[in-house]
Amino acid sequence: MTPVPTAEANGHRDAVGVPVRRLTVFYDADCALCAFVRDWLDRQPQLVPLELVAAGSAEAAARFPGLDHATTLEEITVVGDGGQIYRGAAAWIVTLWALREHRPLAHRLSTPAGAKLAKGAVLAAAKWRGAQRKGTGWGGGAYYAADGWSYDPHGGWTYTPPGCTDGSCATR
């Protein structure tokens, strides 16, 4: 895996050729997909230890003061212990490379053809994530019981406006 050398976090060090012994993966703590992936990563056998840190958090700022933290909230970012910075598809690939059961997949995705697939997966995840922000994209955010939504496995989602639980609702 060849890192993308960036002066932003590695103090102008030449991070190419430096072995990777630990990776810090930044995730958006407010994103359901990101939290799911974080939990999944935490359960995987790791060949290279992963530290999962909420992007934009005080911990992230304290540990990596030279990193552009606004970008870590917009694009998946992984930082190697040798100062390597991976973003986008390269970040997904290096994260898979750290996992025992997924290293062969990471090697396939690091080829030119595989990189196109990895980039497509990253773009699809970014599209889904962006659409989950309130009031945007594919139907907005989540359905919450406090807002009047309930789910029945046989009938699907139903909506009862708050204050209408007794079957009668005031109309305007």
Peer 1: Identify, with sequence neighbours excluded, every residue that meets salt bridge (charged side-chain N to carboxylate O under 4.0 Å, His left out) alongside Arg22.
Peer 2: Glu51
Peer 1: Rounded to the nearest 0.5 Å, what separates atom CD in Glu75 from atom CZ in Phe26?
Peer 2: 13.0 Å
Peer 1: Can you tell me how far the OG1 atom of Thr72 sits from the CD1 atom of Ile76, to the nearest 0.5 Å?
Peer 2: 11.0 Å
Peer 1: How far does CG of Asp42 sit from CG of Leu50, to the nearest 0.5 angstrom?
Peer 2: 9.0 Å
Peer 1: For the atom pair NZ (Lys119) and CG (Leu109), what is the distance rounded to the nearest 0.5 Å?
Peer 2: 14.5 Å
Peer 1: Looking at side-chain heavy atoms only, is the closest gap between Val53 and Val25 below 4.5 Å?
Peer 2: no
Peer 1: Are any non-hydrogen side-chain atoms of Arg100 and Gln44 less than 4.5 angstrom apart?
Peer 2: no
Peer 1: As an exercise, state the distance from OG1 of Thr24 to CZ of Arg63, rounded to the nearest 0.5 Å.
Peer 2: 4.5 Å
Peer 1: Is there side-chain contact between His69 and Phe64, with at least one heavy-atom pair below 4.5 Å?
Peer 2: yes
Peer 1: How many angstroms lie between atom NZ of Lys116 and atom OG1 of Thr111, to the nearest 0.5 angstrom?
Peer 2: 10.0 Å
Peer 1: Kindly indicate whether the side chain of Arg103, heavy atoms from C-beta on, has any atom under 4.5 Å from the side chain of Leu47.
Peer 2: yes
Peer 1: Are the side chains of Leu73 and Tyr27 in contact, using a 4.5 Å heavy-atom criterion?
Peer 2: no
Peer 1: What pair of heavy atoms forms the shortest contact from Ala118 to Ile93, and how long is it?
Peer 2: CB-CD1, 3.8 Å
Peer 1: Answer yes or no: is there a side-chain heavy-atom contact under 4.5 Å between Val79 and Gln84?
Peer 2: no
